[in-house]
Amino acid sequence: MVASDGTRGGGRRQNAGGPVVATAPAKINLALRVGPRRADGYHPLNSLFHAVDLVERVTVGPALAGGDELSVSGRGAGSVPLDQTNLVWRAAALARREGGRRGDPVRLRIDKAIPVAGGLAGGSADAAAALVALNRFWGLGLAGARLIELAAELGSDVPFAVLGGNAIGQGRGETLRPLAAAAPGTAGALEWVLVTSGEGMSTPAVFAHFDALGLAAGRSEPPPIPPGLLAGLAAGDPSLVGANLVNDLQPAALDLRPDLGHVIGQALAAGAVGAVVSGSGPTLACLAESAPAADALARDLAARLAGTHPPGSILRAAGPAPGAAIA
Ligand code: ATP
C-alpha cells in the first residue's frame, strides 16, 4: 500500500528528527519514439517507461554544520557532480520552497546503484528519492500528485521515477499515463539483463546525432507505441514484449558506439527474447523469458563478453518496480 507521500505500508516509521531514507528506481524505455526537433530545441516523445528494481537510495538528515551538505557513494560516485548541477540540490530547493519546517539545513547522501550517464535516468531517480525523503523529513505533507508536479519541474524523466510501474509518457516525457498492471493470472514481471558500459553517453549528443542522421525525416510527430508491446505487457508475455522493443535513438547510439551493436547480437545469440539500447544509451536492456532464463543469459553474456565487460558490469533486474518511496 502506498500513502500519499510515497510511504509503503509495513515499513518502520522513520523520522522524529532522525535520518530518512528513500529509494527510487531506474527506468528502461520499452518504446522510445522520437519526433522531429521543435523550435525550442526539444524533441516530442512517445515513450513507454518501465521501472526496474535497480534503485538509488537518498538519505536526508540534519546538517552537521550550518549549511546544506551533499555526498555521493556507490557506483560511479566519482563522476557525479557535487555542485549545483546535481539534480538533488535542485530537488532540495524546490522542496524548501514548499514550506514545512522551513529551511532546516540538511545533510543529503546519495548511494548510487544506477550507472551514471547510462540511459537509465539515475540522476532523475536521485531527484525523485530526494523529493520523497525531504517531504517526510521536513513534514511538508505533499500528496503524490503535487510531488509529480514538482518532479516535472526538475526534468522530463523525474515524474516517472516518482510514479514507477509502467507508464506512457508524451510531450517531453513529462505527461504520464500509468498503465494497468498485467491481467490477473499472468506473471506480469519482466526479467532483464542490463549490460552496462564503463563510459557513459551524453543524452544531448545522442539527440544531436539523431538530428544529424535525419532520423526523423518525413515525420511530423513521434510514431506510435507498437500495439504488440502493449498487448505483450497486458498479457505478461515476455516474447511478445521482446519482439516489439523499439528505440528510435538506437541507430544514432549505435553509430556513435558500434561496440553496442556487437553486444546486442551476442545477447540475441545467447537466447534473449529482445535487446534494446536503453534511453540514449549506452546501457543495453536484454529481456529473457523467465527469471531462470535471465540468470542463465547473464552468465552466458559474462562469458561471451569477458574481454570487454568486467565482472559487475552485467546486472540482473526485474520490473515493473514501484516508484520513489520511503525505504
Ligand atoms: P538522462 O536522464 O539525461 O537521460 P542518463 O540517464 O543517461 O541521463 P544520469 O545518470 O541521469 O544519466 O546522468 C546524466 C548527467 O546528469 C550526468 O553526466 C551528470 O553530469 C548529471 N547529474 C546531475 N545530477 C546527477 C546525479 N544525482 N547522479 C548522476 N548524474 C547526475
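Not measured: the values here are computed from a predicted model. Order of listing sets the numbers, starting from 1, for every ligand and every atom in it.
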Partners meeting side-chain contact (heavy atoms from CB on, under 4.5 Å) with V72 (sequence neighbours left out):
A77, V80, L82, I110, K112
Please report the closest heavy-atom contact between L229 and A31, naming both atoms and the distance.
CD2-CB, 3.6 Å
Which heavy atom of L32 sits nearest to which heavy atom of L249, and what is that distance?
CD2-CD1, 3.7 Å
Need the list: ligand 1 N/O atoms against protein N/O atoms, distance under 3.5 Å, rounded to one decimal.
| from | atom 1 | to | atom 2 | distance (Å) |
| --- | --- | --- | --- | --- |
| ligand 1 | 3 (O) | T203 | OG1 | 3.2 |
| ligand 1 | 4 (O) | T203 | OG1 | 3.0 |
| ligand 1 | 6 (O) | L120 | N | 3.4 |
| ligand 1 | 6 (O) | A121 | N | 2.6 |
| ligand 1 | 7 (O) | G118 | N | 3.4 |
| ligand 1 | 7 (O) | G119 | N | 2.8 |
| ligand 1 | 10 (O) | A117 | N | 2.9 |
| ligand 1 | 11 (O) | G123 | N | 2.8 |
| ligand 1 | 12 (O) | A117 | N | 3.2 |
| ligand 1 | 24 (N) | L87 | N | 3.1 |
| ligand 1 | 27 (N) | N86 | OD1 | 3.1 |
| ligand 1 | 27 (N) | D126 | OD2 | 2.8 |
| ligand 1 | 28 (N) | K112 | NZ | 3.1 |
| ligand 1 | 28 (N) | D126 | OD2 | 3.2 |

Given the rule that I, L, V, M, F, W and Y join up when any side-chain heavy atoms are under 4.5 Å apart, are L150 and V20 in one cluster?
yes
What pairs meet the salt bridge (Lys or Arg N to Asp or Glu O under 4.0 Å) rule with one or both residues in residues 273-291, with sequence neighbours excluded?
none
Salt bridge (charged side-chain N to carboxylate O under 4.0 Å, His left out) filter on R75, not counting sequence neighbours, yields none
